[in-house]
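Order of listing sets the numbers, starting from 1, for every ligand and every atom in it.
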Amino acid sequence: MIEVTDLVKVYQTKKGEVTGVDHVSLTVNKGEIFGIVGYSGAGKSSLLRCLNLLEAPTSGEIKIDGVSLTALGKKELRTARQKIGMIFQHFYLVSSKTVFENVAFALKAAYKSKTEIDTRVTDLLEMVGLSDKRDVYPSQLSGGQKQRVGIARALANNPSVLLCDEATSALDPSTTKSILSLLKKINQELGLTIVLITHEMEVVKEICDRMAVMQDGRIVEEGPVYDLFANPANELTKEFINTILQFDLPDHLLTSSKGKIVKIHFRGAIAEESVISDALQKFQVKGNILHGKIEYIKETPLGIFIMELTGDMAEVEKAIQYITSRTESLEVIRDAA
Ligand SMILES: Nc1ncnc2c1ncn2[C@@H]1O[C@H](COP(=O)(O)OP(=O)(O)OP(=O)(O)O)[C@@H](O)[C@H]1O
């Protein structure tokens, strides 16, 4: 479990102070996959680097599994850090060392015996699907394979937390999927807590349980990924969600509409569809479906309907209230009235 309390990171630069992290408090539960999203400069890397004290926080507290990292001396911090693995966008493998040696490096640093190292690296390479590459050099590996080595190295000392810094941003979509499945597998099999930072909502949608959205060093919204997809409150969260759930309706549909165009989110695939037909029967309203789709957020379906509601405006309002109270969310995206 990770507990961050009132964390601040201020950089001193020639041009003055720059705030990377601005009073962030956050809890990541044990065994959870937690995603932090935000545009470039939002403070994601600063926050992630503070989590294992690669970057010294200006103020605030970081606790991992109940141990306050910010209170530790140098030696204790080195031991505590072994419980935190980290993988990077650009892998950072040592090019003059083989795959085996790259993974063994972390174990040598922890003073493990040769036999222990051999057994552990063999197991790790099997876990990440690279047993046949143990004696090759990083230059002979694809990007996805390099990241697998990075993951094996990060897991070498049995960490309880894995920090992922844009771990799939340099990979193509299908390699990204295979790395995400590997992360999901190790999360489930080892009960590892994973914190990842990314600007790709696909990554969050695929594997995260909860997420936070960062802007200007602060967390502007946080919650279960499904809830944020279904009902985002913050404008920036909406912008990120729309990179996946955006439907570009033709302009003429929007401009010629004489009623209200609403976007309805409902949990499950078809269970709540009858809510819409019930609403149309109950009230003097016509409904015209413009778009319908089901997205899977970490395997849970989220139904999305875009429809035009026309008729007496008071009746349209009643229908909207009826649907809103029985679905995940309803947003009016155009109001011609
Ligand atoms: N070492 C540093 N020295 C000075 N300022 C820094 C340093 N690292 C980050 N910053 C500043 O802190 C703020 C947050 O940067 P950070 O890299 O954490 O954001 P980010 O969301 O991870 O963006 P990116 O994805 O581009 O790395 C930015 O204004 C950045 O310029």
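- Taking only nitrogen or oxygen atoms, main chain and side chain alike, I197 does not reach within less than 3.5 Å of ligand 1.
- Scanning all protein heavy atoms for the shortest distance to atom 14 (C) of ligand 1 gives G41 O, 3.5 Å.
- Taking atom 15 (O) of ligand 1 as the reference point, the nearest protein heavy-atom neighbour is S46 OG, 3.9 Å.
- By the 4.5 Å heavy-atom criterion applied to side chains, I304 and I264 are not counted as neighbours.
- In this structure, the protein non-hydrogen atom closest to atom 11 (C) of ligand 1 is V18 CG1, 3.7 Å.
- The N/O atoms of A42, backbone and side chain alike, include one that comes under 3.5 Å of an N/O atom in ligand 1.
- Side-chain contact, E239 with Y39: a donor N or O sits under 3.5 Å from an acceptor N or O.
- For G43, a nitrogen or oxygen atom sits less than 3.5 Å from a nitrogen or oxygen atom of ligand 1, counting backbone and side chain alike.
- Selection from S40, G20, G38 by nearest heavy atom to atom 24 (P) of ligand 1 gives S40.
- Side chain to side chain, Y11 and T19 fail the donor-acceptor criterion of an N or O pair below 3.5 Å.
- In terms of polar-atom proximity, E166 is not counted as a contact of ligand 1, lacking any N or O under 3.5 Å from an N or O of the ligand.
- Panel note: side chain E206, backbone V203; no donor-acceptor pair is recorded below 3.5 Å.
- The nearest protein atom to atom 6 (C) of ligand 1, hydrogens excluded, is given as Y11 CD1, 3.3 Å; this is a heavy-atom distance.
- Counted by atom type alone, T115 and D118 present zero donor-acceptor pairs between their side chains at under 3.5 Å.
- No hydrogens or angles considered: a donor-acceptor pair under 3.5 Å links the side chains of E61 and S68.
- With 3.5 Å as the limit, one finds a donor-acceptor pair spanning the side chains of N158 and R120.
- Within a 6.0 Å radius of NZ in K177, other residues, nucleotides and ligands contribute 12 heavy atoms or fewer.
- Of the protein's heavy atoms, K44 NZ, 3.4 Å lies nearest to atom 25 (O) of ligand 1.
- Taking a distance limit of 4.0 Å, we find that atom 30 (C) of ligand 1 is approached by no protein heavy atom.
- Checked against a 3.5 angstrom limit, the closest N/O atoms of S45 and ligand 1 fall inside it.
- Heavy atoms of R49 found under 4.0 angstrom from ligand 1 belong exclusively to the side chain.
- Not a single N or O atom of T13, backbone or side chain, sits closer than 3.5 Å to an N or O atom of ligand 1.
- Side-chain contact check for T122 and R134: at least one donor-acceptor pair (N or O, by modelled atom type) lies under 3.5 Å.
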